[in-house]
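In listed order, ligands and their atoms are each counted from 1.
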Amino acid sequence: MKFVLFWHRRDLRVHDNAGLTAALQSGYPVVPLFIYDREILDLLPSRRDARVTFIYDQVERLGQETQAAGGSFLAFYGRPLEVFEQLLSQHEVAAIYTNEDYEPYAAERDGAITALARQHGAEFHAFKDQVIFAKNELLGKSGKPARTFGSYRKAWLEKVQDVDLQPHPSAQLFRAENLRALPDAPARPTLADMGFERCEQFVPANELPTEALVRDYHKTRDRPGLVNSSTRRSVHLRFGTLSVRALMRQARELNPKLLAELVWRDYFMMLLWHYPGTATESFDPRLRQVPYRNNEDEFAAWCAGQTGYPLVDAGMRELNATGYMPNRARITAAGFLVKHLLIDWRWGDGYFADKLLDYDMSQNVGNWQWMAGTGVVAAPWFRVYSPQSQLESYDPDLAYVKQWVPEYGTAAYPAPIVDHKFARQRAIDTLRTAYRAES
Ligand SMILES: Cc1cc2nc3c(=O)[nH]c(=O)nc-3n(C[C@H](O)[C@H](O)[C@H](O)COP(=O)(O)OP(=O)(O)OC[C@H]3O[C@@H](n4cnc5c(N)ncnc54)[C@H](O)[C@@H]3O)c2cc1C
């Protein structure tokens with residue numbers, strides 16, 4: 001008997017899932033699946049990876065939910081093309097359903113799976129689920145993506161309708177009559193089967209933030225020393241354990257500043273889809289030949305949170321310990337790396353990619369290129385934040401610094417590795433020379 005596959009990727013939930021809804025309404029019973037992709041996992045620097053543990057727990061939860069509803073949930077450790085080749089050869093699969101993924105690797109992979117499915121007489125359907133507007137849905141007047149966030153946000157707010165934020169009824173449709181139980185479903189791989197160790201970590205609740213937090217968000221978001229200063233939902237948006245539409249609805253009702261931050265997320269995802277080359281190269285051709293200093297000792301001090309600038313160090317130490325860093329600390333640490341130390345933004349991007357639990361290529365690259373002044377949308381290259389002023393403005397009582405840099409203020413804390421005034425001038429001179437040479 002024919003069935004359809006629903007391939008979970010960045011949407012590890014049953015509720016409010018666009019592609020899963022379409023699969024459940026296809027007229028065929030559905031078998032959901034997840035692939036632990038060796039193309040990605042084999043490149044990880046460590047076999048103790050917090051994200052792999054997080055994904056594993058979510059996949060196991062999905063497996064249990066599917067079994068409880070009367071279906072089978074498949075999980076494989078392998079390469080997507082090989083996994084699908086096997087599934088399409090062994091079973092009568094009418095179609096593969098999934099949700100769109102806008103990263104360059106994903107676009108290539110999905111193209112290959114579409115072609116493979118066709119060879120087997122199956123269709124491949126991908127749905128928009130993780131953003132509100134994708135690809136070419138919201139371009140500027142020139143027919144290209146807007147080059148300022150202000151104009152993108154204005155167009156986004158004008159375009160969005162209630163229907164764009166409506167939940168999809170996948171949870172209601174997720175019933176035995178719409179699912180297929182496979183008697184010979186293979187056992188799902190464990191972390192140990194895949195050669196990974198479990199990481200114990202703090203993961204914020206997978207539910208909407210409280211109304212009080214959202215109402216005060218614009219006042220608290222830039223104060224990393226406060227408890228609940230921001231939503232901490234980035235990891236759930238990254239893996240789709242929370243629906244972005246639900247968070248958008250809440251933000252639209254209660255706090256325009258939070259809505260604007262979520263619109264940034266849409267914007268960066270659209271930009272990466274349009275400009276996949278920015279994943280590895282500066283968008284602005286005038287800043288592709290910057291003679292970055294790339295001093296390895298200074299990079300190591302930055303990574304370890306030993307720069308002598310407390311807000312930078314607190315952020316980096318929190319990142320190393322937990323896989324999270326508040327936005328204000330990310331801004332300060334990233335600005336310090338690319339401007340004060342004149343280290344290539346790609347080094348910082350790579351370090352964050354290894355450490356962040358919420359790592360998302362589009363958001364990370366977009367923000368790093370913003371800080372470096374090199375992006376499609378970017379802060380002016382000559383803007384150099386003072387890490388001391390950032391500290392005074394955003395952690396005035398040192399609550400955040402005391403939490404992560406307990407030796408601050410004692411002889412044990414290192415002196416600044418570079419003088420701010422000197423480094424600021426050096427950055428401006430270096431970038432100006434590079435900019436003018438290429439203009
Ligand atoms: C150098 C640098 C690298 C970053 N890398 C990532 C990354 O890999 N993954 C990631 O999700 N975010 C990244 N961000 C954006 C931002 O710092 C995090 O989304 C935010 O800190 C997550 O915490 P939160 O959920 O409490 O955010 P909140 O302040 O509660 O915001 C709610 C949501 O809005 C979105 N958002 C908030 N700020 C931004 C922003 N600056 N850009 C885009 N979306 C935003 C996120 O989805 C976030 O979860 C980066 C920022 C910088 C400066």
Side-chain angles (χ1 to χ4, degrees), residues 10 51 103 130-132 149 152-153 156 202-206 208-210 213-224 226-248 250-252 254-272 279 302 311-312 315-316 318-319 322-339 343 345-379 385 390 394:
R10 301 175 51 129
R51 288 160 300 194
E103 290 189 2
Q130 55 171 324
V131 287
I132 308 305
F149 177 65
Y152 178 80
R153 184 183 53 186
W156 193 101
F202 168 74
V203 177
N206 174 17
L208 288 178
T210 63
L213 189 155
V214 174
R215 280 195 194 283
D216 281 349
Y217 173 80
H218 56 293
K219 294 185 241 161
T220 57
R221 64 183 286 267
D222 265 330
R223 297 290 302 274
L226 297 179
V227 179
N228 295 333
S229 73
S230 65
T231 68
R232 296 291 304 262
R233 293 305 184 270
S234 48
V235 61
H236 295 298
L237 293 176
R238 164 62 182 87
F239 294 107
T241 34
L242 185 69
S243 155
V244 70
R245 287 175 289 278
L247 194 50
M248 287 265 194
Q250 192 190 30
R252 196 155 78 131
L254 299 177
N255 197 317
K257 184 64 190 161
L258 177 58
L259 184 63
E261 294 309 312
L262 292 165
V263 173
W264 265 113
R265 178 177 171 278
D266 260 29
Y267 186 38
F268 280 137
M269 264 193 212
M270 180 199 64
L271 290 178
L272 183 64
W302 179 82
L311 187 53
V312 174
M316 296 305 293
E318 181 177 6
L319 175 68
T322 69
Y324 180 77
M325 198 197 296
N327 187 56
R328 181 52 52 181
R330 293 187 205 200
I331 288 173
T332 309
F336 185 79
L337 187 82
V338 294
K339 300 283 171 69
I343 289 180
W345 65 265
R346 287 170 286 205
W347 290 33
D349 171 73
Y351 192 74
F352 274 25
D354 285 347
K355 296 280 172 184
L356 280 173
L357 192 53
D358 65 23
Y359 169 67
D360 178 304
M361 181 185 278
S362 62
Q363 310 303 314
N364 205 44
V365 158
N367 275 289
W368 272 100
Q369 291 224 38
W370 165 276
M371 293 306 305
T374 58
V376 183
V377 55
Y385 290 108
Q390 294 280 305
Y394 299 111

Hey, would you say the F268 and W264 ring centroids sit under 6.0 Å apart? yes
Short question: side chain of D266, backbone of I132 - any donor-acceptor pair under 3.5 Å? yes
Using a strict cut-off of under 4.0 Å between a residue heavy atom and any atom of ligand 1, list the qualifying protein residues by chain and number. Y217, S230, T231, R232, R233, S234, L237, L258, E261, L262, W264, R265, F268, Y324, M325, N327, R330, I331, A334, F352, L356, D358, Y359, D360, Q363, N364, N367, W368
Would you confirm whether Q250, through its side chain, and P209, through its main-chain N or O, come within 3.5 Å as a donor-acceptor pair? yes
Can you list every pair that meets salt bridge (Lys or Arg N to Asp or Glu O under 4.0 Å) and has a residue in residues 233-247, with sequence neighbours left out? D16-R245, D129-R245
Give me the ring orientation class for W302 and F352: parallel if the planes are under 30° apart, tilted from 30 to 60°, perpendicular past 60°. parallel
Would you call R265 and D360 a salt bridge, taking side-chain N to carboxylate O under 4.0 Å as the test? no
